[in-house]
Undergrad: 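Sharing a structure with you now.
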Amino acid sequence: MTADGFTTCLWFDGQAEEAAHYYVSIFKNSSIGKVGRYNEAGPGEAGSVLAVDFTANGQKFVAINGGPQFKFTEAISFQIYCDGQEEVDHYWAKLTENGGEPGPCGWLKDRYGVSWQVIPDGLIEMIGDADPVKAARTTRAMYSMGKLDIAALRKAYAGE
């Protein structure tokens with residue numbers, strides 16, 4: 001990885017390589033980079049995976065096997081901006097499968113406990129509209145949803 005920009009470090013308890021492959025399988029413009037392994041100095045077993053560099057959706061990450069001390073929380077989440085309902089449905093399905101958890105208002109946790117916001121195109125503009133009535137209708141509709149439904153949000157925005 002280059003030193004340009006930022007790299008997000010995700011802390012896992014033995015699943016770093018598995019998680020990296022999982023994220024690379026979901027997003028376009030993704031790849032696995034260098035896999036670093038523990039040596040005899042430890043603290044992990046020599047030869048076991050310490051860290052995996054990967055790119056997901058063009059963003060740089062490193063997954064480390066740091067141990068059980070720290071867990072993911074909703075205090076940090078990744079936003080996925082989607083071009084249409086098909087993309088919303090795709091990311092929602094992939095990230096909630098096999099142990100992921102749907103949440104409110106387009107939020108979810110994946111199988112590793114990482115929080116994501118799956119955001120359809122136009123939502124930010126609708127809930128931030130200068131017309132407070134349109135913005136409030138759209139926001140109320142969003143609050144009633146788990147996975148966001150673009151058609152329903154647009155209907156709420158339009159007052160239908």
Undergrad: Which residues pass the side chain to side chain donor-acceptor pair (under 3.5 Å) test with Trp116, not counting sequence neighbours?
TA: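 Trp116: side chain to side chain donor-acceptor pair (under 3.5 Å) contacts with Asp110.
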Undergrad: How about CD on Glu86, more than 12 heavy atoms from neighbouring residues, nucleotides or ligands closer than 6.0 Å, or not?
TA: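 Atom CD in Glu86 is not packed in, count stays at 12 or less.
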Undergrad: Enumerate the ring pair (Phe, Tyr, Trp, His ring centres under 6.0 Å) contacts for residues 129-160, please, sequence neighbours excluded, ordered by first and then second residue.
TA: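 For residues 129-160: none.
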Undergrad: Where the side chain of Thr96 meets the backbone of Pro102, is there a donor-acceptor pair that is under 3.5 Å apart?
TA: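 Absent.
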Undergrad: Is there a path of hydrophobic side-chain contacts, each under 4.5 Å between heavy atoms of I/L/V/M/F/W/Y residues, joining Val49 to Val114?
TA: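 Same cluster.
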Undergrad: Please identify each residue that fulfils side chain to side chain donor-acceptor pair (under 3.5 Å) with Ser77, with sequence neighbours left out.
TA: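 If we apply the side chain to side chain donor-acceptor pair (under 3.5 Å) test to Ser77, skipping adjacent residues, the hits are Gln117.
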Undergrad: Got a sec, which pairs hit salt bridge (charged side-chain N to carboxylate O under 4.0 Å, His left out) with one end in residues 142-160, sequence neighbours left out?
TA: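 Found Asp89-Lys147.
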Undergrad: Decide side chain to side chain contact (heavy atoms under 4.5 Å, CB included) for Glu101 and Leu108; before the verdict, give the C-alpha distance in whole Å, the side-chain angles of both, and the deciding distance to 0.1 Å.
TA: CA-CA 6 Å; Glu101 299 174 17; Leu108 62 86; over 6 Å; no
Undergrad: Run the salt bridge (Lys or Arg N to Asp or Glu O under 4.0 Å) test against Glu74 and tell me which residues pass, sequence neighbours left out.
TA: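 With sequence neighbours excluded, Glu74 shows a salt bridge (Lys or Arg N to Asp or Glu O under 4.0 Å) to Lys109, given in chain and number order.
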Undergrad: What about Phe78 and Phe61, are their ring centers closer than 6.0 Å?
TA: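 Yes - the distance between ring centres of Phe78 and Phe61 falls below the 6.0 Å cut-off.
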Undergrad: With Phe12, which residues qualify under ring pair (Phe, Tyr, Trp, His ring centres under 6.0 Å), at least two apart?
TA: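 By the ring pair (Phe, Tyr, Trp, His ring centres under 6.0 Å) rule, Phe12 matches Phe72, Tyr112.
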Undergrad: Output every pair passing salt bridge (charged side-chain N to carboxylate O under 4.0 Å, His left out) with a member in residues 126-144, not counting sequence neighbours, ordered by first then second residue.
TA: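 Passing the test, one end in residues 126-144: no pairs.
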Undergrad: What are the two closest heavy atoms between Gly103 and Trp92, and how far apart are they?
TA: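 Gly103 and Trp92 have their closest heavy atoms at O-CH2, 3.7 Å.
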Undergrad: Sequence neighbours left out, what passes ring pair (Phe, Tyr, Trp, His ring centres under 6.0 Å) with Phe70? Give chain and number order.
TA: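 Once residues adjacent in sequence are excluded, the partners of Phe70 under the ring pair (Phe, Tyr, Trp, His ring centres under 6.0 Å) criterion are Trp11.
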Undergrad: I need the Lys94 NZ to Tyr22 OH distance, nearest 0.5 Å.
TA: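 Result: 8.5 Å between the selected atoms.
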Undergrad: Starting from Leu50, walk the hydrophobic network (Ile, Leu, Val, Met, Phe, Trp, Tyr; side-chain heavy atoms closer than 4.5 Å) and list everyone else you reach, by chain and number.
TA: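 Its cluster mates, by chain and number, are Tyr38.
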Undergrad: First locate atom OG of Ser115, then atom CD of Gln79, and finally report the distance between them rounded to the nearest 0.5 Å.
TA: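 Between Ser115 OG and Gln79 CD, I get 11.5 Å after rounding to 0.5 Å.
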Undergrad: Please check: side-chain N/O of Asn65 versus main-chain N/O of Gly14, any donor-acceptor pairing under 3.5 Å?
TA: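 A pair under 3.5 Å: yes.
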Undergrad: Once rounded to the nearest 0.5 Å, what's the spacing between atom CG of Leu148 and atom CG of Leu123?
TA: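 Output value for this atom pair is 6.0 Å.
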Undergrad: Which residue pairs satisfy the salt bridge (charged side-chain N to carboxylate O under 4.0 Å, His left out) criterion with at least one member in residues 7-20, sequence neighbours excluded?
TA: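 Checked against salt bridge (charged side-chain N to carboxylate O under 4.0 Å, His left out) - neighbours excluded - no pair reaches residues 7-20.
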Undergrad: Locate the shortest heavy-atom distance separating Leu153 from Pro120; write the atom from each residue and the value.
TA: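 Looks like CD1-CG, 4.2 Å.
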Undergrad: Who are the salt bridge (Lys or Arg N to Asp or Glu O under 4.0 Å) partners of Glu97, not counting sequence neighbours?
TA: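 If we apply the salt bridge (Lys or Arg N to Asp or Glu O under 4.0 Å) test to Glu97, skipping adjacent residues, the hits are Arg111.
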Undergrad: Cluster partners of Val133, using ILVMFWY side-chain heavy atoms under 4.5 angstrom, listed by chain and number?
TA: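 Reading the cluster by chain and number, Val133 sits alone, since nothing else belongs.
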